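These numbers were taken from a predicted model, which means no experiment stands behind them. Numbering starts at 1 and runs along the sequence shown.
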Amino acid sequence: MASVILERSRKKRLEQGHPWVYASEVASVDGDPQAGGLVDVLNHQGRFLGTGYYNPASQIRVRILSQGPLAAMDTAFFAERFASCLHHRERFLPGADAYRLVYGEADFLPGLIIDRFGDVLVVQLLTLGMDKCRDQIVQALVEVVAPRGIYERSDVSVRELEGLEQRTGVLYGECPRHITVSENGLKVIVDIEEGQKTGYFFDQRENRASIAPLIQGWGGRSGITLQEVTAEDGTLQTLPVNKSGKPVTFPYWDGATVLECFAHTGSFTLHACKYGAKKVTCLDVSAHAIESAKANVELNGFTDRVEFVVDDAFAFLRNQVKGVEERSERATGKTDAKPGAKAAAKADTAKPMTAGGGRTWDVVILDPPAFAKTKSAVAGACRGYKDINLHGMKLVNEGGYLVTASCSYHMQPQLFLDTIAEAAKDAGKVLRLIEWRAAGKDHPQILGVDEGHYLKFAIFEVRSK
């Protein structure tokens with residue numbers, strides 16, 4: 001087997017478990033390695049560090065597969081790794097029929113993503129080494145998982161960095177376009193052909209469930225209290241009663257009003273309804289995404305509590321804030337109602353309002369796509385995250401909750417928190433951190449491989465200064 005010998009001055013990342021060897025770390029190559037084939041990796045003293053697959057056209061020259069010798073990436077190799085992946089998911093997600101089965105480097109299979117949707121698997125081959133093993137991967141999956149079908153979604157631009165074209169299509173068996181799976185007791189329809197990525201985002205599974213405590217306990221703000229009421233048969237019953245003394249028959253009287261932005265398939269909307277939300281606004285810029293969300297909401301019987309909006313989230317949030325501020329100006333009779341502001345001209349309440357928004361919610365959820373896909377995009381991403389979080393927290397009712405996330409790896413956790421803190425300062429809000437989470441158990445993380453630590457998820461209580 002050919003060998004790659006590393007520079008003496010390189011950082012000792014491989015010894016700490018990191019699976020990547022960059023082109024700049026390679027001192028020399030011994031032998032004639034095949035593109036996509038296996039090579040041994042040695043330090044400058046000739047000490048063996050591991051075996052990985054090689055691509056002379058990629059900046060990541062070698063991706064380590066094993067800390068010990070490895071003879072071949074054959075069906076037996078993949079079957080062993082897949083069995084380990086399956087065991088992990090069955091241990092930590094017992095009874096689940098949908099999850100990320102293989103998570104690349106974190107499952108010791110760099111360049112390979114496999115999502116399970118019931119009895120159909122969706123595969124992404126991101127690198128040349130994995131692309132050359134397509135047949136062995138399919139054979140091993142059939143042996144270990146016995147799926148009805150395997151569909152490829154290698155339609156991602158990162159393949160071009162490996163010298164590969166994007167491709168999709170059926171690799172094995174029958175693959176219906178739409179598949180219904182379950183998550184946290186909810187039914188979700190997944191479009192494996194046209195849905196984003198592989199069709200669904202499993203990484204927020206546990207995070208979506210974590211909003212449950214936010215959704216109940218809001219009836220008191222509307223003057224609704226539980227009281228003992230004498231029924232027609234003379235018995236005492238404990239019922240919700242409004243300020244006028246009349247029993248409330250709406251079953252979700254104690255639920256929150258919720259806004260979900262960047263909804264995609266409406267996953268947070270579904271969970272909010274499951275946990276008892278009074279009303280949910282489900283927003284996405286994509287009409288296709290909203291149609292998918294509508295189908296999921298209808299499937300779970302939540303249609304009467306959800307309104308759907310096709311709009312740009314940035315524009316929608318700004319418009320609502322503009323309306324809130326205009327209403328505040330009218331209520332105070334001044335054009336500037338900010339605390340501590342200098343005396344301002346009186347607002348002309350005779351004129352019609354110019355802003356079309358003005359709504360607020362008990363819970364605002366922001367789960368945007370990655371704003372920073374490269375290191376050079378971080379500055380722009382900070383502006384984007386600050387913008388949506390600033391306007392989002394302004395729309396949270398006093399003492400309500402802002403649920404916010406970032407899936408940009410280059411947006412490091414402390415930078416994300418600092419950006420939200422700046423937004424809170426400018427919005428005149430005090431945020432109390434209630435929960436801080438990462439990706440779920442089907443997205444394990446290798447200590448020292450920071451590239452896998454991409455998802456940040458936070459819940460803040462929002463108060464005015």
Under a 4.0 Å N-O cut-off, is there an ion pair linking E7 with R61? no
Restricting to pairs with a member in residues 291-306, which pass salt bridge (Lys or Arg N to Asp or Glu O under 4.0 Å), not counting sequence neighbours? E291-K294
Given side-chain contact (heavy atoms from CB on, under 4.5 Å), test R359 with L395 step by step and report yes or no. CA-CA 7 Å; R359 297 177 60 188; L395 299 178; over 6 Å; no
Is it the case that the side chain of R153 and the backbone of E193 share a donor-acceptor pair, with hydrogens and angles ignored and the cut-off at 3.5 Å? yes
Indicate the ring-plane relationship of F92 and H88, choosing parallel, tilted or perpendicular according to the 30° and 60° boundaries. tilted
Evaluate I211 against V363 for side-chain contact (heavy atoms from CB on, under 4.5 Å), listing each step before the verdict. CA-CA 9 Å; I211 70 170; V363 179; over 6 Å; no
Do D191 and S292 have side-chain heavy atoms sitting under 4.5 Å apart? no
What's the spacing between Q67 CD and T51 OG1 if we round to 0.5 Å? 9.0 Å
Would you list the atom pairs, donor with acceptor, under 3.5 Å between side chains in residues 443-452 and any protein atom, with sequence neighbours excluded?
from: Q445; atom 1: OE1; to: H453; atom 2: NE2; distance (Å): 3.4
from: E451; atom 1: OE1; to: H18; atom 2: NE2; distance (Å): 2.9

Pairwise side-chain contact, V190 with V122, heavy-atom cut-off 4.5 Å (strictly under): no
Can you name the one residue among R13, K11, R10 that meets salt bridge (charged side-chain N to carboxylate O under 4.0 Å, His left out) with E25? R13
Please indicate whether E165 has more than 12 foreign heavy atoms, meaning atoms of other residues, nucleotides or ligands, lying under 6.0 Å from its CD. no
Looking at CG of D40 and CG of L70, how far apart are the two atoms once the value is rounded to the nearest 0.5 Å? 9.0 Å
Search all heavy atoms of F48 against all heavy atoms of L42 and return the closest pair with its distance. CA-CD2, 3.6 Å
Looking only at side chains, do Q136 and T75 share a donor and an acceptor under 3.5 Å apart? no
Just verifying a value: how many Å separate N300 CG and L270 CG, rounded to the nearest 0.5 Å? 5.0 Å
Just checking, any donor-acceptor pair under 3.5 angstrom between side chains of S267 and T265? no
Not counting sequence neighbours, list each pair that qualifies as a salt bridge (Lys or Arg N to Asp or Glu O under 4.0 Å) and has a residue in residues 139-148. D119-R148
Check the pair F268, F262 against ring-ring contact (aromatic ring centres under 6.0 Å, His included), reporting the backbone distance first and the verdict last. CA-CA 10 Å; F268 277 101; F262 311 98; over 10 Å; no
Please report the closest heavy-atom contact between P33 and G31, naming both atoms and the distance. CD-O, 3.4 Å
SB check E398 R221 (cutoff 4.0 Å): no
Flag yes if more than 12 heavy atoms outside K274 fall under 6.0 Å of its NZ atom; otherwise flag no. yes
For W20 and E105, does a side-chain donor sit closer than 3.5 Å to a side-chain acceptor? yes
Name of the residue among T269, V280, V297 meeting side chain to side chain contact (heavy atoms under 4.5 Å, CB included) with F302: V297
Ion pair R437/E435, N-O distance below 4.0 Å: yes
Answer yes or no: are there more than 12 heavy-atom neighbours, outside E80 itself, under 6.0 Å from its atom CD? no
Is it the case that the side chain of N207 and the backbone of A438 share a donor-acceptor pair, with hydrogens and angles ignored and the cut-off at 3.5 Å? yes
Mind checking what makes side-chain contact (heavy atoms from CB on, under 4.5 Å) contact with T127, not counting sequence neighbours? Y53, R63, M130, E162
If a pair satisfies salt bridge (Lys or Arg N to Asp or Glu O under 4.0 Å) and one of its residues is in residues 311-321, list it, with sequence neighbours excluded. R318-D387
Are side-chain N/O atoms of S182 and D97 paired as donor and acceptor at under 3.5 Å? yes
Looking only at heavy atoms, which two atoms of D107 and R89 are closest? And how far apart? OD2-NH2, 2.7 Å
Is there a salt bridge (charged side-chain N to carboxylate O under 4.0 Å, His left out) between K386 and D426 once you walk through the steps? CA-CA 10 Å; K386 181 178 179 180; D426 290 354; 2.7 Å; yes
Taking all atoms of both residues into account, what is the closest heavy-atom pair of A458 and L433, and its distance? CB-CD1, 4.0 Å
Would you indicate whether the side-chain heavy atoms of K429 and V396 approach each other to under 4.5 Å? no
Could you walk me through whether L431 and V462 pass side-chain contact (heavy atoms from CB on, under 4.5 Å), step by step? CA-CA 5 Å; L431 300 185; V462 182; 3.8 Å; yes
Evaluate whether atom NZ of K12 has more than 12 neighbouring non-hydrogen atoms of other residues, nucleotides or ligands under 6.0 angstrom away. yes
Student check: side-chain heavy atoms of Y454 and D203 closer than 4.5 Å: yes
Enter the distance from L299:CG to I189:CD1 here, rounded to the nearest 0.5 Å. 5.0 Å
Exam field: side chain D284 to backbone I290, donor-acceptor pair closer than 3.5 Å: no
Please check if the side chain of K278 supplies one atom and the backbone of G276 the other of a donor-acceptor pair under 3.5 Å. no
Closest non-hydrogen atom pair, A405 against P368: O-CD, 3.4 Å
Interatomic spacing from CG in L171 to CG in L121 - rounded to 0.5 Å: 10.0 Å
Side chains of F201 and D367, heavy atoms from C-beta outward: is any pair under 4.5 Å? no
Taking the side chain as every heavy atom from C-beta outward, state whether L93 and R205 have any pair of such atoms under 4.5 Å apart. yes
Give me the one residue out of Y200, Y151, Y99, F202 that meets ring-ring contact (aromatic ring centres under 6.0 Å, His included) with F117. F202
Side chains of E15 and L49 in contact at under 4.5 Å (non-hydrogen atoms): yes
Salt bridge (Lys or Arg N to Asp or Glu O under 4.0 Å): pairs with one or both residues in residues 131-142, sequence neighbours excluded: D131-R134, D131-R159, R134-E152
Find the distance between CG (N296) and OG1 (T303) and round it off to the nearest 0.5 Å. 10.5 Å
Ignoring hydrogens, what is the shortest heavy-atom contact between W361 and T257? Give both atom names and the distance. CA-OG1, 3.5 Å
Greater than 12 external heavy atoms within 6.0 Å of K441's NZ: no
Do Q412 side-chain atoms and Y409 backbone N/O form a donor-acceptor pair below 3.5 Å? yes
Would you call the rings of F371 and F314 parallel, tilted or perpendicular, where under 30° means parallel and over 60° means perpendicular? tilted
A side-chain contact here means heavy atoms from C-beta on lying under 4.5 Å apart; do Q59 and S24 qualify? no
Could you check whether the rings of Y385 and F416 sit parallel, tilted or perpendicular, using 30° and 60° as the cut-offs? perpendicular
